[in-house]
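In what follows, a single structure is set out as structure tokens and then discussed.
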Amino acid sequence: MRIATYNVNGVNGRLRVLLRWLKEAAPDIACLQELKAPQEKFPEGPIRDLGYDVVWHGQKSWNGVAILSRVGNIHETRRGLPGDPDDSHSRYIEAAVNGILIACLYLPNGNPRPGPKFDYKLRWFDRLIGHAAELVACKQPVVLAGDFNVMPTELDVYKPERWLDDALFAPEARAAYATLLKQGWTDALRARHPREKIYTFWDYFRNAFGRTQACASTTFC
DNA sequence: ATGCCAGTCGTAGACTGA
């Protein structure tokens with residue numbers, strides 16, 4: 001089964017690219033982040049037309065997460081992490097699909113650091129760690145997929161020394177990610193490429209991804 | 001440090017988030 005994750009940065013602004021990607025890559029399950037659309041503005045029709053069942057948690061302007069499946073109906077198990085009833089951000093949705101529990105997450109960016117946004121990031125990370133501990137204990141197949149907004153190691157970014165003050169490379173954020181992994185999760189990338197310099201983060205300014213990949217079809221083309 | 005992204009409000013482009 002192919003399970004993919006994609007930060008769309010605006011599900012309506014990026015809809016043509018999203019639909020093309022779903023057709024070409026044809027993931028069995030896809031997790032989307034940064035919908036930037038209220039619940040009623042999610043493009044459900046075009047996605048269902050491609051054969052996907054879908055659940056989503058929208059929000060005006062910011063955030064928003066969705067799970068798509070073309071391998072069986074989606075049974076939503078949770079939206080929002082436990083631990084803070086006042087948290088209004090749409091950043092977590094979870095569902096059972098074809099015998100697998102899928103958690104789609106959009107962890108807070110946390111910049112600037114220090115500041116209240118960074119504090120929120122660390123609190124959200126702690127809540128994720130708490131809930132993830134329960135998921136691990138379930139002893140059934142579980143996938144955490146999404147945008148973790150963390151550079152776990154110096155292998156994950158071009159010139160890590162430039163990011164020492166950034167919330168994504170902060171010691172606290174990297175430690176939180178390590179704590180999460182130690183619960184028993186398998187890092188899908190590092191299980192296969194433990195020592196390889198593979199960027200899991202690109203600066204989206206200055207078309208960093210497109211310039212690095214020397215690729216004719218980035219999301220911005 | 002800067003800022004080539006998207007959405008909002010509102011009808012231009014400053015502001016915010018990231």
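Per chain, numbering begins at 1; letters A, B, ... match sequence-line order.
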How is Tyr106(A) classified with respect to the nucleic acid when contacts are heavy atoms under 4.0 Å: base, sugar-phosphate, or nothing? sugar-phosphate
Using whole Å, report how far CG of Asp203(A) lies from C1' of dG17(B). 14 Å
Less than 6.0 Å separating the ring centroids of Tyr106(A) and His89(A)? no
Would you say Arg14(A) places a side-chain N or O within less than 4.0 Å of OP1 or OP2 belonging to dA6(B)? yes
Spacing of Gln59(A) atom CD relative to dT8(B) atom C1', expressed in whole Å: 13 Å
With distance as the sole criterion, is a donor-acceptor pair present between the side chains of Asn7(A) and Glu34(A) under 3.5 Å? yes
Just the rounded figure in Å: distance from C1' of dG7(B) to NZ of Lys41(A). 11 Å
Quick one: label Asn63(A) by what it contacts on the DNA or RNA (base, sugar-phosphate, nothing), any heavy atom closer than 4.0 Å. sugar-phosphate
Spacing between Trp163(A) atom CH2 and dA1(B) atom P, to the nearest angstrom: 11 Å
For atom CH2 of Trp62(A) and atom P of dG7(B), their distance in whole Å: 9 Å
Any residue meeting side chain to side chain donor-acceptor pair (under 3.5 Å) with Thr179(A), in chain and number order, not counting sequence neighbours: none
Span that lies between the C1' atom of dG7(B) and that of dT2(B), in whole angstrom: 22 Å
Rounded distance in Å - CZ (Arg113(A)) to P (dA18(B)): 17 Å
Quick check on DNA chain B: between His89(A) and Gly10(A), whose nearest nucleotide comes earlier from the 5' end? Gly10(A)
Distance test, side-chain N/O of Lys60(A) to OP1/OP2 of dG7(B), below 4.0 Å: no
When you compare dA1(B) with dG13(B), how far apart are their C1' atoms, in angstrom units rounded to a whole number? 24 Å
Roughly, in whole Å, what's the span from NZ in Lys117(A) to C1' in dT16(B)? 7 Å
Between dC15(B) and dG10(B), how many Å separate the two P atoms, rounded to a whole number? 15 Å
Looking at Asn111(A) and dG17(B), is any side-chain donor or acceptor paired with a base atom of the opposite kind under 3.5 Å? no
What is the distance, to the nearest angstrom, from the NZ atom on Lys36(A) to the C1' atom on dA6(B)? 4 Å
Got a second to check how far Lys36(A)'s NZ is from Arg14(A)'s CZ, nearest 0.5 Å? 9.0 Å
Test salt bridge (charged side-chain N to carboxylate O under 4.0 Å, His left out) applied to Arg190(A) and Asp156(A), step by step: CA-CA 10 Å; Arg190(A) 294 305 170 191; Asp156(A) 288 278; 3.3 Å; yes
